[in-house]
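Have a look at the structure below, then the notes.
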Amino acid sequence: MGSTATAKIVALPMVDKHADPEPVAVKASAAQMSASEIPVPEPEPIPTVSLTKVFLGLLGYVTRERIITALLACISIGALFLFWYLGTKYKFEFYIRFKNVPTPYEVYQQLTQVGLSNKYLFNIAMSVRRILFGFMIATIIGVPLGLAIGKYERVRDFFMPVVEIMRPIPAIAWVPMSIMLWPNNEASIVFITFIGAFFPILLNTIHGVHSLDGVLVRAARCLGASEIRLFMNVILPGSLPHIFTGLAVGMGVAWVSLIAAEMISGQFGVGYFTWEAYSLVDYPAIVLGMITIGVLGLACSGIIRMVGVLLMPWLAFAPGGRR
Amino acid sequence: MSMTMAETEVSKGFIDVRDMGVTFGANDNKVVAVDNVSLNVQPGEFVSLIGPSGCGKSTLLSIVAGFVKPTRGEALLDGKAITKPGSDRGVVFQQYSLFPWLSVRKNVEFGLKMAGVEQSKRNTTARALLDLAGLLSFENHYPDQLSGGMKQRIGIVRALATSPQVLLMDEPFGALDTQTRVVMQEILTNIWQQFRISVLFITHDIEESIFLSDRIYVMTARPGRIKAVIKVPLPRPRTAEMTDTPEFMNLVQELKGLIREESLAAMAPEIKDRGLSGFGMKVGPKGVGEIF
């Protein structure tokens, strides 16, 4: 007999040593397969519903791991507040100066007084609107352009030189030019936000196309995909994980750019609110502004992550995935 | 005997490769991958292409699939020159190539969707094919949730969904373990028996090629030429027991001899004549280097 037979004889006892039940299972399923020609995979067991089981399941969900994770999170945030509290209470002064820093309580008071005022909420609304416009325009231009650059050599040759020159210029450096360029303040701030978000989105999209497995494109072509359908059904979904990385990074940079722009040239907005507080020597408002920026940024990246999870359910099962 | 049956039943799916030559690179870096190859696959015939690695068998398949253009000669499908990929030729790749963002069923439906078939019809076809592959209960799973053997079964029925005239398979079981491979070969021969379409199957596994094929083309080392054509007289349907018959083993021996010569030729620059005598090394007081 040929080499496979001898190979099998050698291979099987080796398998036996490591995992005893394995070869038996293989043999059984092989026999079944030749009998019915096509193997029937076992359906997943349907879970029976019982209250105790649900309760135990929930209890199992709160594992030690999770408790430790939550505990460490609380400790780290608590430590930050404690440092702030102690620093301001004892007016800590050693190179860094806590002399003028407001206490957590003062900031809390500021929040309850100013926090629900129309002025404060209006500033938030303005910032969010600017982010929304700038970020959306960056996505609408960045993603399709990135897909085209990633796919076509000629498009890449045409656009990449400009991209490479423009990319190292930080969005903040665009402030004076932007004020000159756009007819009003609002447009120029949106533009700066756009610049901040645009390059991370563009570059990650290009990277997404390049990291797409070429065999998938070939498979789609064999299955009769036209150029447009290839884009919509293969290249776009295949690049989606990288696109979302770009969106998350872009959102972060967009906030950085926005706050800087608002501080320098703005009317209204959270950045403006913070800088105005400094000019008016309203120290608690500075910290309130900072915390507001942090919370808004966190919320925005949280939304992007959530949309990503909803749009890309398959990633949960990918190698190194969430589950 | 069943081959003649196939010929009367099936009239389409005739692959004809004529005087094919493929050269990569230019001038100094020029590599002749395939040289003067002619082969054909009759309608409904299962043909394997076997040869040492790097002999250009995958290049040949890429040409028939329409990914690569030949330097010389032509490839025809039912008399028409092949110029680009199309759904008249189903292709199964070694790396599974399932779309990870689509459910198993949507993967199988993909070709039909591209052809503009309506949703309900796509659904019915895909479910029937998944049932055939024994994977209907996994229709809503994602490919990453499945084993290699399951993925490749989906790859096969996905390629069959658009009712192609030929199936091109590029070492489809190369990434599977031996046990799964053997079972997959049986499944494939069963599926082929039902569809009766022409298959061009690339492999470097001798037993696999004999078990599956009506005819086997043996290729030479680079530049790839056709060294021999071997008819497999085993009856259909093929069963696992046939691999123990003297007929089968004689074929294995015959093919082994042919392949061995070519593998040696392919590796000649690396091993010269010394490699075969166990590297022929003597370890002297100054170490291994002494003999060189």
Side-chain angles (χ1 to χ4, degrees), chain A residues 1-5 7-8 10-12 15 22-23 25-27 29-34 36-44 212-226 228-230 232-234 236-241 311-321 323, chain B residues 62 65-67 84-91 93-103 110-115 131-138 141-145 150 155 158-159 161-162 164 168 178-179 182-183 186-187 190-191 205-207 239-240 243-244 248-249 252-253 256:
Chain A
M1 172 81 206
S3 65
T4 352
K8 268 179 207 160
V10 179
L12 275 176
V15 175
E22 197 73 8
V26 169
K27 272 178 210 155
S29 66
Q32 182 203 337
M33 274 166 195
S34 56
S36 61
E37 293 184 350
I38 294 159
V40 182
E42 274 181 33
E44 284 185 8
L212 184 68
D213 193 349
V215 79
L216 294 181
V217 176
R218 265 178 291 157
R221 285 208 188 283
C222 292
L223 292 165
S226 61
I228 295 166
R229 295 196 159 190
L230 187 72
M232 296 312 293
N233 292 289
V234 179
L236 178 61
S239 314
L240 217 49
L311 275 181
M312 304 179 288
W314 71 89
L315 284 188
F317 310 106
R323 255 166 245 178
Chain B
S62 296
F67 302 134
K84 60 179 200 302
S87 57
D88 52 352
R89 282 150 287 147
V91 181
F93 302 88
Q94 182 180 350
Q95 316 94 310
Y96 313 131
S97 76
L98 300 180
F99 305 115
W101 54 89
L102 295 179
S103 71
F110 191 90
L112 298 169
K113 190 179 171 189
M114 296 301 111
D131 197 22
L132 182 74
L135 290 168
L136 188 53
S137 56
F138 290 88
H141 283 57
Y142 286 105
D144 279 330
Q145 292 174 275
M150 289 161 125
R158 182 180 70 175
T162 48
L168 309 172
T178 316
Q179 278 88 357
V182 171
V183 177
E186 277 186 69
I187 292 171
N190 285 327
I191 291 179
D205 183 324
I206 291 170
E207 277 91 350
T239 57
T243 55
D244 295 329
F248 191 93
M249 285 182 227
V252 171
Q253 288 312 322
K256 263 194 180 164

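Because the structure is predicted, anything quoted here is derived from the model rather than measured.
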* To do: Using atom types as modelled and distance alone, determine if a side-chain donor or acceptor of B/Glu186 lies under 3.5 Å from a backbone N or O of B/Val183.
  =>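 No; zero donor-acceptor contacts below 3.5 Å.
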* Check side-chain contact (heavy atoms from CB on, under 4.5 Å) between B/Ala159 and all other residues, then give those that pass, not counting sequence neighbours. =>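 So B/Ala159 forms a side-chain contact (heavy atoms from CB on, under 4.5 Å) with B/Val92, B/Leu167.
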* Which portion of B/Leu168 sits near chain A, non-hydrogen atoms under 4.5 angstrom ->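 The answer is neither part of B/Leu168.
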* Below 4.5 Å from any heavy atom of chain A, which atoms of B/Lys113 appear? Answer side chain, backbone, both or neither. =>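 Its backbone and side chain both get close to chain A.
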* Output the option from B/Arg89, B/Arg158, B/Lys84 having the highest count of non-hydrogen pairs under 4.5 Å with chain A. =>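 With the most close heavy-atom pairs to chain A, the winner is B/Arg158.
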* Asked: Between B/Asp88, B/Leu112, B/Asp144, which has the largest tally of heavy atom pairs under 4.5 Å with chain A?
  ->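 The residue among B/Asp88, B/Leu112, B/Asp144 with the greatest pair count is B/Asp144.
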Evaluate the side-chain proximity of [Y] to [X]: yes if any heavy-atom separation is below 4.5 Å, no if none is.
X	Y	value
A/Met312	A/Pro241	yes
B/Pro100	A/Leu216	yes
A/Trp314	B/Pro143	no

* Asked: Pick from A/Val234, A/Leu240, A/Leu230: which one has the most heavy-atom pairs with chain B under 4.5 Å?
  ->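 The option with the most such pairs is A/Val234.
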